[in-house]
Amino acid sequence: MTMTATSAAADILLSQGKTTATSSQESSSYAGKYAVDGSTTTRWASAEGVDPQWIRVDLGQSATVHRVKLNWEAAYAKKYRIELSADGSTWTTVDTNDAGDGGTDDRTGLNGRGRYVRVVGTARGTSYGYSLFEFQVYGVTDTTGDTQAPTVPTGLKADTVAASSVALSWTASTDNVAVDGYDILRGGTVVGTSATPSYTDTTVAPQTAYSYTVRARDAAGNVSGASAALAVTTPAGNGGGSFVLAAAGDIADRCTASSSSCIHPKTAALVQGINPAAVITMGDNQYDDAHYSDYTSYYDKTWGKFKSITKPSVGNHDTYDSPPFAGYDKYFGAIGKPNGKRYYSWDMGNWHFISLDSNDFVVESDSVNAAADPPQVAWLKADLAANTKGCVAAYFHHPRWSSGDHGDNEGAQVLWKPLVDAKVDLVLNGHDHHYERFVPQDANGKANAAGPVEILGGMGGAPLYPLHAAHPTTAKLLSTYGVLKLTMTDNTFTSQLIGLDNKVLDSSPTYTCH
């Protein structure tokens, strides 16, 4: 297609200084913002040796894009595509290049409309990653006639102030059409954006004073004034530091954001607002038979944007594919099987996390699996014994205790008891499609402060199941959708259930690690 002289003359640079997001970055010195800062002495660089990788720019409002100019560093893309999106979730390809040779690619003659522009590298030209000095988008912004800015956000507060993170929330703004999102400013400089009235800044340092403000914007590009400033001072760190996680199970149904009843795009927006250091999934990430094509058509278009920071676990629906787990294994690859098994562990800060495969122990009827895999139990016990971190969390699909439709899972006892014996602090599950938080329990499900806190978070997007009578140890039981927000310090944790309206539906006490 050819760009007309009229549109070319009207085109302006839309991307400079705008908010970016990336699949990864080599380090904070090579963040996405450096590809839109107008300087060829700074650059974005992805993680090395990994395909695919992407960088996205938010133009701030819808625009018609005619040209994308890419100034590659030595680490260039041999193959890539350029995509546009109205909402940051559903993407349309407007250009592809399968013969990239580095240098500067000036991709003209484009004709697409959207607010978000993404370059997706699918094949590296070198053994390194992808690196851009500049990512420039040219086009024409929409004229909607809307000139009224949203109201100024109010009630800015810090929900949690830790050594390496500050969790903020505020009262939502209003607009004559609709609020499209929020800019979060620290010291007057934008440090992030959020689709919802909450944000966690994970780029702070210990024992440092900061001043935050927030402003709202709409789809026409109107921006409110800044909120009243909030001053916070982070505490001293104790080694590993503090961080925030997002978690849920039973996530992607076979539907898209075009359907108002489709939930997983909405829970993905909550994750984006939480801005977590990592994302935990408690199985059944994709419904119904979890084919690879379903993962790419549904999960990947929403929760998939967090794939690079996701630490998944596998659910029973992943066994429905033929052969079992084929879709899960192909989609997550080494992320889901870092050691060649669907159970593994990882560390962050002073926390040790264990992802387990409960399919080995629970059959479809939720009874004990006679073909249980003893090697996983042996591995779990050895992993717990070798752990040197002060706090431990485990997660797997089938809950030991549940007040939901499936109920308690006797087969999960083979995992639950070693976790109790090792004084694990937190256990996350899915399978039943509801939210349930328990008080700490012992191996027999009795209240005991020395036991783990179990949280059942099967409310990521799949249709909800009916509830039954609550257990004596149930602290909170809700039939609702949402995302679990976990705030971890070196020796404590707290949890919040964030609902689809971004309200906090449940908050746990602050638990001290055993």
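Values in this document were obtained by computation on a predicted structure and should not be read as measured data.
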Modelled atom types, side-chain donor and acceptor of Asn285 and Trp303, under 3.5 Å: no
Qualifying residues under side-chain contact (heavy atoms from CB on, under 4.5 Å), relative to Leu478, sequence neighbours excluded: Tyr435, Lys476, Thr480, Leu497, Leu505
Main-chain N/O of Leu270 paired to Thr196 side chain as donor or acceptor, under 3.5 Å: no
Arg67/Asp11 salt bridge by N-O under 4.0 Å criterion: no
Ser495: side chain to side chain donor-acceptor pair (under 3.5 Å) partners, not counting sequence neighbours: Ser508
Any donor-acceptor N/O pair, Ser194 side chain to Ser198 backbone, under 3.5 Å: yes
All pairs passing ring pair (Phe, Tyr, Trp, His ring centres under 6.0 Å) where residues 160-185 contributes a residue, at least two apart: Trp170-Tyr182
Side-chain (Ser227) to main-chain (Val214) donor-acceptor, under 3.5 angstrom: yes
Backbone N/O of Ser39 and side chain of Asp37: donor-acceptor pair under 3.5 Å: yes
Side-chain donor-acceptor contact under 3.5 Å, Asn429 with His397: no
Salt bridge (Lys or Arg N to Asp or Glu O under 4.0 Å) contacts in which one or both residues fall within residues 82-94, not counting sequence neighbours: Arg81-Glu83, Glu83-Arg118
Short side-chain to backbone donor-acceptor contact, Asp318 and Gly315, under 3.5 Å: yes
Under the ring-ring contact (aromatic ring centres under 6.0 Å, His included) test, residues paired with Trp44 that sit two or more places apart: none
Crowding at NZ, Lys78 (>12 non-hydrogen neighbours, <6.0 Å): no
From CA spacing to verdict: salt bridge (Lys or Arg N to Asp or Glu O under 4.0 Å), Asp300, Lys307: CA-CA 8 Å; Asp300 187 62; Lys307 185 176 179 181; 5.2 Å; no
Under-4.0 Å salt bridge between Asp183 and Arg215: yes
Residue that, paired with Gln286, satisfies side-chain contact (heavy atoms from CB on, under 4.5 Å) out of Tyr328, Tyr292, Tyr298: Tyr298
Test item: side-chain donor near acceptor, Asp95 and Tyr80, under 3.5 Å: no
Full working for side-chain contact (heavy atoms from CB on, under 4.5 Å) between Thr108 and His66: CA-CA 6 Å; Thr108 61; His66 294 131; over 6 Å; no
Listed partners of Thr208 passing side chain to side chain donor-acceptor pair (under 3.5 Å), at least two apart: none
Any donor-acceptor N/O pair, Ser46 side chain to Tyr130 backbone, under 3.5 Å: yes
Atom OH of Tyr128 with >12 non-hydrogen neighbours under 6.0 angstrom: no
Trp346 six-ring face occupied by Lys311 cation (under 6.0 Å, within 45°): yes
Within 6.0 angstrom of Lys79 NZ, more than 12 heavy atoms from elsewhere: no
Chi angles and distances behind the side-chain hydrogen bond (donor to acceptor under 3.5 Å, both in side chains) call for Gln136, Ser15: CA-CA 6 Å; Gln136 296 177 318; Ser15 53; over 6 Å; no
Heavy-atom pair with the smallest gap, counting every atom of Thr20 and Lys33: OG1-N, 3.1 Å
